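Heads up: the structure comes next, in structure tokens.
These numbers were taken from a predicted model, which means no experiment stands behind them.
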Amino acid sequence: MGTLLDEIIEYGGEVFGKEHMETVRECVQCGKCTGSCPSGRITAYRTRKMIQMARMNLREVLSMYELWFCTTCFTCYERCPRGVKVTDIIRTMRNIAVSEGHMSFSHKKVATYVFKTGHAVPIGEPQMKLREGVGLDPMAPTTQKFPEQLEQVREIVRTTGFDKKVGFDWETMKLREELEEGK
Amino acid sequence: MAEKEYAYFLGCITPNRYPGIEAATKKVFKEFGIETKEMIGASCCPAPGVFGSFDLHTWLPIAARNLAIAEEMDLEIYVTCNGCYGSLQEADHLLKHNERLRKKVNEVLGKIGREYKGKTKVNHSIVILHDVIGLDRIKEAVKKPMDDVNVAVHYGCHFLKPSEVRGHGSPERPYILEDLAHAIGAKTPYYKDKLMCCGAGGGVRSFDAPTSLEWTRQKIVNMIEAGCDCIMHPCAFCHLQLDRGQVEMQNLFGIEPKMPVLFATQLIGLAMGFSEKELGLDIHEVKMPEKLLK
Ligand code: SF4
Ligand code: SF4
């Protein structure tokens, strides 16, 4: 296996193109990304530091809590004077983190809603009433309404293996974590 | 007869939390001769900052499946959420420009009998208002001008950025929402950190709600200090954070929820004479003040 930096460029390159990801090498640590970052103002997240840790192959960046404080607002991406595609590099680092098992319980829960309904934010009874109140059908014609459509989304998730990364058990429709802890 | 037809990609928060956004958009569009068709079997977009952060290789085929549904309808898409816009437009952009990636995604879609062909286009509903319907027709349709209303324009992030994909000019100097607000007679005062994110994106809301609400608190305080009466925005996810978030903020920081939050078509709908109930404004957490309803 190559270095973390190679891995980031390789992984992200498959989606965004290699050239896009190679921009990480252009960083001169000027700090404009951190200066522009709304997260950096209120959390310990430092954009420049994340990029530098990637460049120095410091794998501990993948397990850092702070890595998840980026809202993907793309301000740094727009403003970087060296054209570093910062936000996509951060998203790629998060992907690699998830592949290595660094995913919070609350994020796993969000993923399970999509496995169960096709929606990260599913509908419930009270919201169906709200829909009727504005003259709409109680349920929109989406995956949550049509099981055969939902099955297509589930098939995608099984094909890419995302269900395994999250640790989802199709039989109980629960996270392995929940089963173990009896949550 | 309809002047133009679109497939409405609903996403999650619009239909499942704030159906007023859906109702208002369909009603306002219909007034201007724009017909909406439902996308049967559409799913979560899925959220670009959330699922894009978890697993890009799952995010992309799910987004491509949604695009394929619109392609099968032979229609262009419109959306009422920056997350949906971000996800679908980015996926479409990547797949249109990378043949190897398209092949890979189509292998996955082949298993469920679908194919991404690259023949639809993803439009944001506020661009349809601004460029297809046009400011002149909106001005003509105004029955209740918002002359004395100060609107806090909030863009969110993924409508404008990354600008190379979005194509709405410089994200540092946006104009579409201001133009729309001015068309119904409202003023759009500048407020501190106007272009700042709402704080919800990238999975931060689900990861650490109090932290994400600190963003929101800063934005709302800045809007109040600039004398704004309400928020006008283009994003269902920002809507959740700004509206529901004010109630959550009350518990966390003791700030009273009093800044009304309106999706662009809800505010325009009010100016066109639709009622609070028709636009679903009565189901928002923050109640509408008299000033907006009179
Ligand atoms: S703004 Fe660009 S060049 Fe400057 S530190 Fe951030 S990523 Fe590096
Ligand atoms: S995209 Fe993330 S790292 Fe960049 S400015 Fe926004 S929150 Fe900060």
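Contacts with chain A (heavy atom to heavy atom, under 4.5 Å) involve these residues of residues 201-221 of chain B, listed by number: B:G201, B:G202, B:G203, B:V204, B:S206, B:F207, B:D208, B:T211, B:E214, B:W215, B:Q218.
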Can B:Y8 and B:Y6 be said to form a side chain to side chain contact (heavy atoms under 4.5 Å, CB included), step by step?
-> CA-CA 6 Å; B:Y8 184 1; B:Y6 290 91; over 6 Å; no
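For A:N57, the side-chain contact (heavy atoms from CB on, under 4.5 Å) criterion is met by A:T3, A:L4, A:L5, not counting sequence neighbours.
Both the backbone and the side chain of A:V110 come within less than 4.5 Å of a heavy atom of chain B. With a 4.5 angstrom heavy-atom cutoff, B:H158 touches chain A only via side-chain atoms. For A:A111, the parts sitting under 4.5 Å from any heavy atom of chain B are the backbone and the side chain alike. Residue contact with chain A, scored on non-hydrogen atoms closer than 4.5 Å, is absent for B:V105. When heavy atoms are compared at a cutoff of 4.5 Å, A:C73 approaches chain B by way of both its backbone and its side chain. Proximity to chain A is absent for every atom of B:E107, based on heavy atoms less than 4.5 angstrom apart. Using a 4.5 Å cut-off between heavy atoms, A:L130 touches chain B through backbone and side chain atoms alike. Neither the backbone nor the side chain of B:L195 comes within less than 4.5 Å of any heavy atom of chain A. In this structure, chain B has a heavy atom under 4.5 Å from the side chain of A:K165, while its backbone stays farther away. Neither the backbone nor the side chain of A:T87 comes within contact range of chain B, judged by heavy atoms closer than 4.5 Å. Of the atoms belonging to A:S99, not a single heavy atom falls under 4.5 Å from chain B. There is no contact between A:Y113 and chain B, counting heavy-atom distances below 4.5 Å. Proximity to chain B (any heavy atom under 4.5 Å) is shown, for A:Q152, by both the backbone and the side chain. Using a 4.5 Å cut-off between heavy atoms, B:R65 contacts chain A through its side chain alone, with no backbone atom that close.
Here the CD1-OH distance, from A:I89 to A:Y11, works out to 15.0 Å after rounding to the nearest 0.5 Å.
Between A:E78 and B:R173 there is no salt bridge, since no side-chain nitrogen of the basic residue lies less than 4.0 Å from a carboxylate oxygen of the acidic one. Here B:K26 pairs with B:E38 in a salt bridge; the nearest charged N to carboxylate O distance falls below 4.0 Å. Salt-bridge check for A:K49 with A:E66: failed, with every basic side-chain N at 4.0 Å or more from each acidic carboxylate O. In this structure, A:R55 does not pair ionically with A:E26, as no charged nitrogen and carboxylate oxygen lie closer than 4.0 Å. A salt bridge between B:K103 and B:E99 is absent, with no side-chain N of the basic residue lying under 4.0 Å from a carboxylate O of the acidic one. A salt bridge links A:E177 with A:K108: at least one charged nitrogen is closer than 4.0 Å to a carboxylate oxygen. Salt bridge status for A:R41 with B:D193: present, with a side-chain N to carboxylate O gap under 4.0 Å.
Between B:Y78 and B:H124, a ring centre-to-centre spacing not shorter than 6.0 Å is recorded. Note: B:H233 and B:F263 meet the aromatic proximity criterion, with ring centroids under 6.0 Å apart.
Annotation: maximal heavy-atom pairing with chain A below 4.5 Å, among B:L56, B:L94, B:I283, B:L101, occurs at B:L56.
By the 6.0 Å and 45° rule, A:K85 stacks over the aromatic ring of A:Y77.
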